[in-house]
There are 2 protein chains.
Amino acid sequence: MGRKRLQESADGRPTVHTVAARAGVSIASASRVLNGVGGSPETIRKVREAAAEVGYVPNAIARSLQSQRTGLVALAVEDIGNPVYVEMMRAIESVVAASGRQLLVHATGGRIDNETALLRRLAHRYVDGMIVSPIRVTDDHLAALVDSPVPVVVVGQLPADAPVDNVRTDSRTGVGLAVDHLVAAGRRRIGFVNGPLDTVPGAARDAGFRSALARHGIALDERLVEIGDFRYAAGRAAAERLLARAEPDALVCANDLIAVGALHALLAAGRRVPDEVALVGMDDTELAQMTFPQLSSVSLGSAERGRRAAELLLQRIADASLPPRREQVAPSLAVRASSTTTPLFVPAPAEPAPAPRTPEVTA
Amino acid sequence: MGRKRLQESADGRPTVHTVAARAGVSIASASRVLNGVGGSPETIRKVREAAAEVGYVPNAIARSLQSQRTGLVALAVEDIGNPVYVEMMRAIESVVAASGRQLLVHATGGRIDNETALLRRLAHRYVDGMIVSPIRVTDDHLAALVDSPVPVVVVGQLPADAPVDNVRTDSRTGVGLAVDHLVAAGRRRIGFVNGPLDTVPGAARDAGFRSALARHGIALDERLVEIGDFRYAAGRAAAERLLARAEPDALVCANDLIAVGALHALLAAGRRVPDEVALVGMDDTELAQMTFPQLSSVSLGSAERGRRAAELLLQRIADASLPPRREQVAPSLAVRASSTTTPLFVPAPAEPAPAPRTPEVTA
DNA sequence: TGCTCTGCTGTAAACGTTTCCGGGAGTCTG
DNA sequence: CAGACTCCCGGAAACGTTTACAGCAGAGCA
């Protein structure tokens with residue numbers, strides 16, 4: 001009985017003790033063989049055999065306690081249904097996997113307490129580090145970030161003096177690119193469908209929109225500005241409200257999900273896109289190329305930001321004494337059919353029938 | 001020196017020893033107070049103060065080693081960019097969160113070795129259990145599932161005798177629903193855009209399509225069947241190939257991403273949807289309602305499957321001795337504008353203009 | 001043959017926590 | 001006032017692993 005307790009774990013699974021006893025060696029030797037370091041040929045054989053016989057699988061928790069590392073990295077984002085995070089995640093994944101670690105994703109649902117709780121719980125050593133992309137940042141939250149027990153990298157805006165590794169973009173300028181493009185195309189009644197103003201990206205985009213209009217000397221008609229959240233349904237509803245009271249000749253949307261919502265609001269209202277209303281989204285996700293007509297969109301370099309964040313994180317894991325760093329990714333505009341009267345979209349050659357140059361969305 | 005080593009962790013962070021020493025109590029008392037069990041008012045005060053002063057945060061790894069549980073549950077899916085998994089994930093998340101645990105998501109990218117490696121690594125006790133939705137199942141894989149060290153629930157088809165908790169749907173029948181619907185609407189040249197046949201869902205859908213046509217006495221024209229993978233781009237390309245050589249009056253697609261790809265292939269080729277070609281997707285994700293026209297789609301109850309899988313998992317975590325269980329969720333068809341000549345799609349009331357009762361999809 | 005050096009091996013300590021158990025102080029009851 | 005009972009406390013043993021250290025056998029060399 002006593003021997004049994006010593007040799008297998010509480011739930012009856014074999015431990016290194018079980019293997020060692022069965023192989024007739026000490027646990028030290030067993031551990032060494034299992035880790036592929038040292039051991040005579042004979043010992044190696046015996047331990048390997050014993051391990052296979054009992055179906056030994058190491059307990060990663062115990063190993064982590066000893067080695068002080070788990071080999072796991074976490075990514076916390078607000079809405080995993082937003083393709084921008086999918087792209088970011090893929091970029092992070094490839095960097096993290098290359099370092100022999102695994103990536104875990106956690107969706108916070110935008111509930112800030114959730115996110116803070118995550119930091120307080122998950123970061124208590126379950127992971128070697130984490131990447132967070134918060135859309136709201138409170139003082140509390142910031143405090144949790146600053147004295148996190150594990151390295152943290154933030155993707156997104158942060159107060160200038162926050163001593164936290166940070167990869168950001170300039171979405172203010174990004175919105176400006178969209179407005180510049182539309183103004184250059186002759187649009188003047190430019191509307192804006194945004195997410196909540198109490199979020200960091202929402203506020204930045206709002207500021208960007210206003211300053212861009214001012215720069216062009218266009219007076220802002222408040223009826224052309226509408227707010228929902230950052231998802232499809234709210235974007236569509238917001239666009240519908242906007243269309244019910246104003247006649248824009250262009251719409252800038254705070255992200256691609258909103259833009260798709262706006263596109264459908266426009267189509268349902270019988271507006272032709274881009275002829276009557278031009279449309280520009282933001283984030284330039286794969287979704288932008290999945291609409292018809294395809295969506296012009298401001299790229300905020302989400303994959304690039306993800307890649308850089310992952311690299312910063314790995315560096316910090318390797319050397320905790322690094323000073324806090326900050327990197328910036330410049331926005332750029334991808335012009336597609338939704339905002340050009342001579343669309344760039346070329347239908348794939350399908351039938352011998354003369355492919356129409358103008359998309360048929362509203363045919 | 002020796003005292004220091006005893007009181008704080010290797011990287012200099014406070015441990016329960018630090019707190020205990022500072023409060024002048026034993027580590028047992030400190031631990032009890034920290035866990036909110038027992039302790040005199042005076043002890044509680046001292047420990048709380050000491051903990052706050054040194055900024056103590058418990059090491060979850062050490063706690064897990066002792067308690068044999070981590071409070072984490074993992075979900076492994078192939079492609080996190082597929083909205084069907086997003087819906088499943090949301091459903092799982094809410095069940096898991098209600099039990100006080102956290103959900104971690106891992107994208108396997110469909111690489112089967114990756115998935116097996118995940119089981120072998122992550123499941124080595126980093127999580128209390130995991131939900132896996134594999135699209136390919138090899139013997140190796142199955143073996144790893146069966147003797148996983150932690151409870152596993154599989155979402156998807158599995159060999160009948162596999163002793164693993166399993167939540168499945170009947171996508172064969174699901175495809176049948178789509179075909180029935182199209183046949184009833186008078187369509188006869190029904191095409192099919194599928195994913196790879198060496199995947200479990202791909203094979204099931206293929207079988208479902210063939211048997212449904214046979215049931216209706218329609219001879220299958222192989223030129224109307226095309227295969228890509230389960231994502232948008234491949235779906236679009238596959239649909240383009242199909243359209244280049246055949247003239248379907250309807251298309252069934254193996255999932256919604258493929259369907260959106262097919263929709264754009266159709267629009268780009270100048271086909272009117274649904275007038276000339278009706279379209280039915282599969283999974284009934286939110287994406288189906290984000291297209292224009294909105295997409296008819298066969299629901300495979302992904303949220304329901306996720307919910308049930310989470311419940312099975314929690315039950316098994318609570319009682320490992322339960323016999324393997326198997327649950328099934330019935331498919332159903334959501335009919336929308338993409339497959340009905342008198343579309344169900346009603347534009348949201350936007351302008352005072354008399355809202356047309358017949359939607360403008362094809363106006 | 002005697003010495004050093006090399007290469008394995010086993011003992012035991014650590015990682016940071018929870019928890020069993022025994023002891024001591026205080027309170028209530030008879 | 002004695003005894004039983006309650007409550008709180010501290011020591012120490014777990015949880016399963018890695019690893020520093022010391023011992024020991026054998027090989028090579030003088």
Side-chain angles (χ1 to χ4, degrees), chain A residues 1-21 23-47 51 54 56-71 121 124-126 149-150, chain B residues 1-21 23-47 51 54 56-71 124-126 128 149-150:
Chain A
M1 185 53 154
R3 295 185 51 183
K4 268 202 154 170
R5 300 284 308 263
L6 273 178
Q7 286 183 16
E8 51 183 45
S9 74
D11 55 358
R13 296 196 67 87
T15 74
V16 72
H17 290 91
T18 323
V19 175
V25 302
S26 71
I27 58 163
S29 292
S31 173
R32 277 188 286 257
V33 170
L34 263 7
N35 286 7
V37 26
S40 72
E42 173 64 3
T43 306
I44 292 181
R45 187 190 58 75
K46 286 189 297 186
V47 172
V54 300
Y56 171 74
V57 16
N59 182 322
I61 295 277
R63 188 204 303 263
S64 293
L65 179 58
Q66 163 70 27
S67 66
Q68 304 279 22
R69 18 170 294 126
T70 65
R121 286 186 57 183
H124 292 359
R125 307 314 187 75
Y126 272 134
V150 303
Chain B
M1 184 55 152
R3 293 187 52 186
K4 265 199 155 172
R5 298 285 307 263
L6 274 178
Q7 286 183 16
E8 53 183 43
S9 75
D11 55 357
R13 297 196 65 87
T15 73
V16 70
H17 291 90
T18 325
V19 175
V25 302
S26 73
I27 59 163
S29 293
S31 173
R32 277 188 287 256
V33 170
L34 262 6
N35 286 7
V37 26
S40 70
E42 174 64 3
T43 306
I44 293 179
R45 188 190 57 76
K46 286 190 297 188
V47 171
V54 299
Y56 171 74
V57 15
N59 182 321
I61 294 278
R63 187 204 304 262
S64 293
L65 179 58
Q66 162 70 29
S67 66
Q68 305 279 23
R69 20 171 293 128
T70 65
H124 292 359
R125 309 313 187 77
Y126 272 133
D128 291 342
V150 303

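In this text, all values refer to a predicted model and were calculated from it rather than measured experimentally.
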If you only use heavy atoms from C-beta on, which nucleotide in D:dT17, C:dT18, C:dT17 is closest to the side chain of A:Ala62?
D:dT17

What's the CG-C1' distance between B:Leu65 and C:dT19, to the nearest Å?
14 Å

Which nucleotide wins on minimum distance to the side chain of A:Asn59, given the candidates C:dT18, D:dT17, C:dG16?
D:dT17

A:Ala30 versus A:Val16, closest heavy-atom pair with distance:
CB-CG2, 3.9 Å

Given side chain to side chain contact (heavy atoms under 4.5 Å, CB included), test A:Thr15 with A:Asn59 step by step and report yes or no.
CA-CA 8 Å; A:Thr15 74; A:Asn59 182 322; over 6 Å; no

Show the nearest heavy-atom pair for residues B:Ile61 and A:Thr70, with the distance to one decimal.
CD1-CG2, 3.7 Å

Under 4.0 Å: is that the gap between some side-chain N or O of B:Asn35 and OP1 or OP2 of C:dT18?
yes

Measure from NZ on B:Lys46 to P on D:dC8 and round the result to the nearest Å.
14 Å

If you look at every heavy atom in A:Ala60 and B:Tyr126, which pair is closest and at what distance?
CB-CE1, 3.5 Å

Please give, in whole Å, the distance from D:dT17 C1' to B:Gln68 CD?
13 Å

Rounded distance (Å) that lies between atom C1' of C:dT17 and atom CZ of B:Arg69
15 Å

When the distance from NE2 of B:His17 to P of D:dG10 is rounded to whole Å, what number comes out?
13 Å

Protein within reach of the bases, or only the backbone? For nucleotides 6-12 of chain C, mark each nucleotide 5' to 3' as B, S or -, using heavy atoms under 4.0 Å.
--SBBBB

Nearest-nucleotide comparison on DNA chain D, the residue closer to the 5′ end among A:Tyr56 and B:Gln66
B:Gln66

Quick one: which residue pairs count as a salt bridge (Lys or Arg N to Asp or Glu O under 4.0 Å) with a foot in residues 32-43 of chain B, not counting sequence neighbours?
B:Glu42-B:Arg45

State, with a plain yes or no, whether a side-chain heavy atom of B:Arg13 is found less than 4.5 Å away from one of B:Val57.
yes

Could you tell me the separation between the OH atom of B:Tyr126 and the P atom of D:dG16, rounded to a whole number of Å?
15 Å

Restricting to non-hydrogen atoms, name the atom on A:Val54 and the atom on A:Thr18 that form the minimum distance, rounded to 0.1 Å.
CG1-CG2, 4.4 Å

Do the side chain of A:Ser31 and the main chain of A:Ala28 share a donor and acceptor less than 3.5 angstrom apart?
no

Interatomic distance where CD1 belongs to B:Ile61 and P belongs to C:dG16 [whole Å]
12 Å

So which atom in B:Ala62 and which in A:Leu65 form the shortest heavy-atom distance, rounded to 0.1 Å?
CB-CD1, 3.7 Å

Global bending angle along the helix from C:dT1-D:dA30 to C:dG30-D:dC1, which compares the axes of five pairs at either end, to 10 degrees
50°

